[in-house]
Asker: 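My structure is below; once you've seen it, I'll send some questions.
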Amino acid sequence: MTQNIYRYLSLNTEKHLEWFLGYLEGQAYFSSPLNFNDPFEMGATISPPSIEALMIAIPEVHGNYLSKNNQRKVAENVHSKFKSDPQKVVSEERMQNIGVMCLSEDKNNKLMWSHYADSHRGICIGFSTEYPPFPSKESDLQ
(Lines give C-alpha, C1' and ligand atoms only; values in the text may rest on other atoms or scores of the structure.)
Protein backbone atom coordinates (compact mmCIF):
# COMPACT_ATOMS: atom_id res chain seq x y z
CA MET A 1 0.00 0.00 0.00
CA THR A 2 1.36 3.37 -1.00
CA GLN A 3 1.67 5.86 1.79
CA ASN A 4 2.45 9.54 1.59
CA ILE A 5 4.50 11.49 4.07
CA TYR A 6 4.51 15.25 4.27
CA ARG A 7 6.90 18.12 4.72
CA TYR A 8 5.47 21.41 5.99
CA LEU A 9 7.31 24.42 4.66
CA SER A 10 7.15 28.18 4.98
CA LEU A 11 7.66 30.29 1.86
CA ASN A 12 8.30 33.58 3.66
CA THR A 13 12.04 33.85 2.93
CA GLU A 14 14.20 33.48 -0.15
CA LYS A 15 15.91 30.51 1.51
CA HIS A 16 12.58 28.70 1.98
CA LEU A 17 11.57 29.46 -1.61
CA GLU A 18 14.88 27.98 -2.82
CA TRP A 19 14.18 24.83 -0.79
CA PHE A 20 10.73 24.54 -2.37
CA LEU A 21 12.12 24.96 -5.89
CA GLY A 22 14.76 22.36 -5.06
CA TYR A 23 12.04 19.87 -4.09
CA LEU A 24 10.42 20.41 -7.49
CA GLU A 25 13.77 19.52 -9.10
CA GLY A 26 14.21 16.36 -7.02
CA GLN A 27 16.51 17.87 -4.41
CA ALA A 28 15.95 17.87 -0.67
CA TYR A 29 17.16 20.10 2.13
CA PHE A 30 18.29 18.58 5.41
CA SER A 31 18.67 20.96 8.37
CA SER A 32 21.71 20.86 10.60
CA PRO A 33 20.76 19.97 14.18
CA LEU A 34 23.01 22.86 15.22
CA ASN A 35 20.43 25.24 13.67
CA PHE A 36 17.35 23.80 15.38
CA ASN A 37 15.25 26.27 17.34
CA ASP A 38 15.21 23.90 20.36
CA PRO A 39 18.68 23.87 21.97
CA PHE A 40 17.89 20.54 23.64
CA GLU A 41 17.00 18.76 20.39
CA MET A 42 19.39 15.86 19.83
CA GLY A 43 21.12 16.84 23.06
CA ALA A 44 20.38 13.61 24.90
CA THR A 45 23.18 12.30 27.05
CA ILE A 46 24.18 8.76 27.87
CA SER A 47 23.27 7.79 31.43
CA PRO A 48 26.26 6.60 33.41
CA PRO A 49 26.41 2.83 33.75
CA SER A 50 26.00 1.56 37.29
CA ILE A 51 29.10 0.48 39.18
CA GLU A 52 27.63 -3.05 39.30
CA ALA A 53 27.23 -3.12 35.49
CA LEU A 54 30.80 -1.89 35.08
CA MET A 55 32.03 -4.56 37.50
CA ILE A 56 30.51 -7.18 35.17
CA ALA A 57 31.84 -5.55 31.98
CA ILE A 58 35.44 -4.95 33.09
CA PRO A 59 36.49 -8.64 33.16
CA GLU A 60 34.63 -9.28 29.90
CA VAL A 61 36.54 -6.50 28.17
CA HIS A 62 39.92 -6.65 29.90
CA GLY A 63 40.10 -10.23 31.20
CA ASN A 64 40.37 -11.33 34.81
CA TYR A 65 43.83 -9.99 35.60
CA LEU A 66 42.50 -7.27 37.94
CA SER A 67 41.58 -8.12 41.50
CA LYS A 68 37.96 -7.47 42.55
CA ASN A 69 39.20 -4.51 44.58
CA ASN A 70 40.96 -2.99 41.53
CA GLN A 71 37.95 -3.75 39.31
CA ARG A 72 35.78 -1.79 41.76
CA LYS A 73 38.26 1.14 41.69
CA VAL A 74 38.21 1.18 37.88
CA ALA A 75 34.38 0.92 37.87
CA GLU A 76 34.05 3.78 40.36
CA ASN A 77 36.50 5.89 38.33
CA VAL A 78 34.60 5.30 35.06
CA HIS A 79 31.26 5.93 36.78
CA SER A 80 32.56 9.17 38.29
CA LYS A 81 33.94 10.30 34.89
CA PHE A 82 30.54 9.72 33.25
CA LYS A 83 28.77 11.68 35.99
CA SER A 84 31.17 14.63 35.85
CA ASP A 85 31.34 14.78 32.03
CA PRO A 86 28.15 13.31 30.51
CA GLN A 87 28.65 11.96 27.03
CA LYS A 88 26.21 13.13 24.39
CA VAL A 89 24.48 10.53 22.28
CA VAL A 90 25.36 12.59 19.19
CA SER A 91 28.53 14.65 19.52
CA GLU A 92 28.66 18.24 18.29
CA GLU A 93 31.31 17.20 15.79
CA ARG A 94 28.95 14.55 14.39
CA MET A 95 26.06 17.05 14.29
CA GLN A 96 28.13 19.25 11.96
CA ASN A 97 28.07 16.42 9.42
CA ILE A 98 24.45 15.27 9.51
CA GLY A 99 21.15 16.66 8.35
CA VAL A 100 17.60 16.06 9.45
CA MET A 101 14.35 16.36 7.52
CA CYS A 102 11.19 16.34 9.61
CA LEU A 103 8.25 14.62 7.97
CA SER A 104 4.72 13.84 9.07
CA GLU A 105 2.16 11.20 8.17
CA ASP A 106 -0.57 13.83 8.64
CA LYS A 107 -1.14 16.53 6.02
CA ASN A 108 -3.85 18.22 8.07
CA ASN A 109 -2.17 18.73 11.43
CA LYS A 110 -3.10 22.24 12.62
CA LEU A 111 -0.08 22.51 14.91
CA MET A 112 2.31 21.56 12.11
CA TRP A 113 0.64 24.04 9.74
CA SER A 114 0.91 26.72 12.39
CA HIS A 115 4.48 26.09 13.48
CA TYR A 116 6.28 24.86 10.34
CA ALA A 117 4.18 26.34 7.52
CA ASP A 118 4.22 29.97 8.62
CA SER A 119 0.89 30.04 10.46
CA HIS A 120 -1.03 28.36 7.61
CA ARG A 121 0.50 30.60 4.91
CA GLY A 122 3.05 28.03 3.72
CA ILE A 123 2.73 24.74 1.91
CA CYS A 124 2.69 21.04 2.63
CA ILE A 125 4.56 18.83 0.16
CA GLY A 126 3.65 15.15 -0.11
CA PHE A 127 6.16 12.40 -0.87
CA SER A 128 5.16 8.89 -1.92
CA THR A 129 7.00 6.30 0.14
CA GLU A 130 6.73 3.91 -2.80
CA TYR A 131 9.92 5.35 -4.32
CA PRO A 132 13.52 5.76 -3.09
CA PRO A 133 14.95 7.04 -0.86
CA PHE A 134 12.16 5.74 1.37
CA PRO A 135 12.26 2.19 2.73
CA SER A 136 10.55 -0.38 0.55
CA LYS A 137 8.88 -2.12 3.48
CA GLU A 138 7.30 -0.77 6.67
CA SER A 139 9.55 -3.14 8.64
CA ASP A 140 12.58 -1.19 7.31
CA LEU A 141 11.36 1.85 9.27
CA GLN A 142 11.91 0.15 12.63
Asker: Would you check if there is a donor-acceptor pair between the side chains of Ser67 and Asn69 at a distance under 3.5 Å?
Answerer: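 There is no such pair between these side chains.
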
Asker: Tell me whether the rings of His120 and Trp113 are parallel (<30°), tilted (30 to 60°) or perpendicular (>60°).
Answerer: parallel

Asker: Classify the side-chain pair Tyr116/Arg7 by whether it contains a donor and acceptor separated by less than 3.5 Å.
Answerer: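 No - no donor-acceptor pair under 3.5 Å links their side chains.
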
Asker: With a 4.5 Å cut-off on side-chain heavy atoms, are Asp106 and Met112 touching?
Answerer: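 A side-chain contact is absent here, since even the closest heavy-atom pair is not under 4.5 Å.
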
Asker: For Met101 and Tyr23, which heavy atoms make the closest approach, and how far apart are they?
Answerer: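 In this case the closest contact between Met101 and Tyr23 is CE-OH, 3.8 Å.
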
Asker: Taking the side chain as C-beta and beyond, is there a heavy-atom pair between Leu103 and Phe127 under 4.5 Å?
Answerer: yes

Asker: In the structure I gave you, are the side-chain heavy atoms of Leu9 and His16 within less than 4.5 Å of one another anywhere?
Answerer: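 Yes; the side chains approach each other to less than 4.5 Å.
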
Asker: Are side-chain heavy atoms of Phe36 and Val100 found at a separation under 4.5 Å?
Answerer: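 Phe36 reaches Val100 side chain to side chain.
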
Asker: Do the side chains of Ile125 and Phe20 get nearer than 4.5 Å, heavy atoms only?
Answerer: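 Yes, their side chains come closer than 4.5 Å.
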
Asker: Is the shortest side-chain heavy-atom distance between Arg72 and Ile51 below 4.5 Å?
Answerer: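 They are in contact (side-chain heavy atoms under 4.5 Å apart), so the answer is yes.
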
Asker: Do Leu54 and His79 come within less than 4.5 Å of each other through their side chains, counting heavy atoms only?
Answerer: yes

Asker: Taking side chain as C-beta onward, heavy atoms only, is Leu66 less than 4.5 Å from Ile58?
Answerer: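 A side-chain contact exists here, since the closest heavy-atom pair is under 4.5 Å.
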
Asker: Within a radius of less than 6.0 Å around CD of Gln96, do more than 12 heavy atoms belonging to other residues, nucleotides or ligands occur?
Answerer: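 Result for CD/Gln96: enclosed.
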
